[in-house]
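First the structure, in the form of structure tokens, and then the observations on it.
Below, chain A is the first sequence line, B the second, and so on; all start at residue 1. A quick note: this is a predicted structure, and the numbers were derived from the prediction, not measured.
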Amino acid sequence: MTPPASRSLIPEAPASGWSEWQRLPSAETFSPRVLAEILDGGQAFRWQRTSDVTWLGQFGDGVVRIALTAEGQLAWSSPSSLTAHVGPALVAYLDLARDSRTLADTLPWRSDAHLARCLETFPGLRILRQPFGETLLGFLCSATKQIVQIKQMVALLADRHGAPVLPTTADRSSLANRAAALGDPSTLNPQPSTPFHRLPTWPELAAVSEAELRACLLGFRARYIHQTAQFLAAHPGWLAETEALPYAAAKDRLCSLPGVGEKVADCVLLFGAGRLEAFPVDVWIIKTMAARYGLQGWKPAQIAQFGRVHFGPLAGLAQQYLFAYERAAARPPV
DNA sequence: GTTGAACCTTC
DNA sequence: AAGGTTCAA
């Protein structure tokens, strides 16, 4: 049992029906900026900021709020019915068993001044360990879209095609039973119910038409997701097997899915399978490798090769630091 | 093997 | 123009 976090250190009391704030089992501290980069910097698409230091997010069957204490430590709260499940799930999701600073220290920053600057700028930046299938769905949506738009597509998919996570079916039927016993007609037919829907699973997506997917603002990505869902439905176990494969084999298999090329496959393996050797090459990395490493005119595949050699077995972690730094440099300074 | 256009929609 | 993939030249 994690002890409740000291109430005075948390900016607000938990909402009713939610657990007390609890500390996470990690001594690491985070700045609001680094936490924002972790939760909302393009790894995941289901977090929204609720204040300077609090976030509301979903992954798997979980709904959770995260808060930063005055000392920069993490605390969390979830709907009471989910609390037992969310605690351990969140530790896995944030990959808190690994110390990110120790990990980052093994990167070649001693011989790479630019990397050293990126590490200093985002201390404690870490790679999430998201559910594999959800990560695949998110990055199938990502082609030529900005984070805001990807979040919008994913939110529509969840609202329209994902199962409600709250209240639990048990809660709901007990509510309905009680209401029936009391003869209260208003709760017999609960409203379109809850604000929280999980993302549709791949079997659920297989039952959604391409037209319905297009209605979720997916555009040409609707066909990719539809075809991928059909394939996965015809090959049960394929996704779980892929997740367990070594990096290169897993990437090959992912790239055989419609709409999945090298970049998307690397993102899925990095952010959804903990494969820190994956080095996704997107337009930001192409820019940064050209500007900071002198690789003007290099092709994505060449940059990926350079990245894996130069940054080593944790190239994906380095990639995330470079990515965060380059995007921050491009934004107007606060 | 390489290059370029097409693919949807929205900020 | 946007964090890409695919298909055809």
*Taking it one step at a time, do A/L218 and A/I225 satisfy side chain to side chain contact (heavy atoms under 4.5 Å, CB included)?*
CA-CA 9 Å; A/L218 292 177; A/I225 290 171; 3.8 Å; yes

Between [X] ([atom1]) and [N] ([atom2]), how many Å, whole number?
X      : N     : atom1 : atom2 : result
A/K287 : C/dG4 : NZ    : P     : 10 Å
A/D282 : C/dT5 : CG    : C1'   : 14 Å
A/I286 : C/dA1 : CD1   : C1'   : 15 Å
A/W284 : C/dA1 : CH2   : P     : 15 Å
A/F139 : C/dA2 : CZ    : P     : 18 Å
A/W298 : B/dT3 : CH2   : P     : 15 Å
A/L136 : C/dG4 : CG    : C1'   : 14 Å
A/I225 : C/dT6 : CD1   : P     : 13 Å

Any donor-acceptor N or O pair under 3.5 Å, side chains [X], [Y]:
X      : Y      : answer
A/E28  : A/S100 : yes
A/Y247 : A/D252 : no
A/R198 : A/Q58  : no
A/R33  : A/T121 : no

*So among A/E243, A/E262, A/E277, which one has a salt bridge (Lys or Arg N to Asp or Glu O under 4.0 Å) with A/K251?*
A/E262

*asked:* Can you pull out the residues from residues 30-50 of chain A that lie within a 4.0 Å heavy-atom distance of DNA chain C?
replied: A/G41, A/G42

*What residues in residues 249-256 of chain A put a non-hydrogen atom under 4.0 Å from any atom of DNA chain C?*
none

*asked:* Can you confirm if the NZ or CZ of A/R253 lies within 45° of the ring axis of A/W238 and under 6.0 Å from the centre of its six-membered ring?
replied: yes

With sugar-phosphate meaning primed atoms plus P, OP1 and OP2, does [X] contact a base, only sugar-phosphate, or nothing at under 4.0 Å between heavy atoms?
X      : answer
A/L257 : sugar-phosphate
A/P258 : sugar-phosphate
A/Y224 : base

*asked:* Using side chain to side chain contact (heavy atoms under 4.5 Å, CB included), reason through A/W18 and A/V63 one step at a time and then give a plain yes or no.
replied: CA-CA 10 Å; A/W18 287 59; A/V63 179; 3.8 Å; yes

*In whole angstrom, give me the gap between the C1' atoms of C/dT5 and B/dC11.*
22 Å

*Atom C1', compared across B/dT10 and C/dT6: separation rounded to whole Å*: 22 Å

_In one Ile/Leu/Val/Met/Phe/Trp/Tyr side-chain cluster, 4.5 Å: A/V148, A/W284_ = no

*May I ask whether A/I38 and A/L96 are part of the same hydrophobic cluster, defined by side-chain heavy atoms of I, L, V, M, F, W, Y residues being less than 4.5 angstrom apart, directly or through others?*
yes

_Please enumerate all residues that pass salt bridge (Lys or Arg N to Asp or Glu O under 4.0 Å) together with A/R275, with sequence neighbours excluded._
none

*asked:* For A/R110, give me all partners under salt bridge (Lys or Arg N to Asp or Glu O under 4.0 Å), at least two apart in sequence or on another chain.
replied: A/D105

*Hey, mind stepping through A/L270 and A/F279 against side chain to side chain contact (heavy atoms under 4.5 Å, CB included) and telling me if it holds?*
CA-CA 8 Å; A/L270 181 57; A/F279 189 82; over 6 Å; no

*Could you run through DNA chain B and flag its stems, i.e. three or more consecutive Watson-Crick or G-U pairs with both distances under 3.5 Å?*
B:2-7 with C:4-9

Nucleotide N/O of nucleotides 8-11 of chain B paired with protein N/O under 3.5 Å:
| residue | atom | partner | partner atom | Å |
| --- | --- | --- | --- | --- |
| B/dC8 | OP1 | A/R214 | NH2 | 2.7 |
| B/dC8 | O5' | A/R214 | NH1 | 3.4 |
| B/dC8 | O4' | A/F220 | N | 3.1 |
| B/dC8 | O2 | A/R221 | NH1 | 3.1 |
| B/dT9 | O2 | A/K145 | NZ | 2.6 |
| B/dT10 | O2 | A/Q149 | NE2 | 3.1 |

*Given A/F122 and A/Y321, is the ring-ring contact (aromatic ring centres under 6.0 Å, His included) satisfied, shown in steps?*
CA-CA 7 Å; A/F122 293 92; A/Y321 279 97; 7.5 Å; no

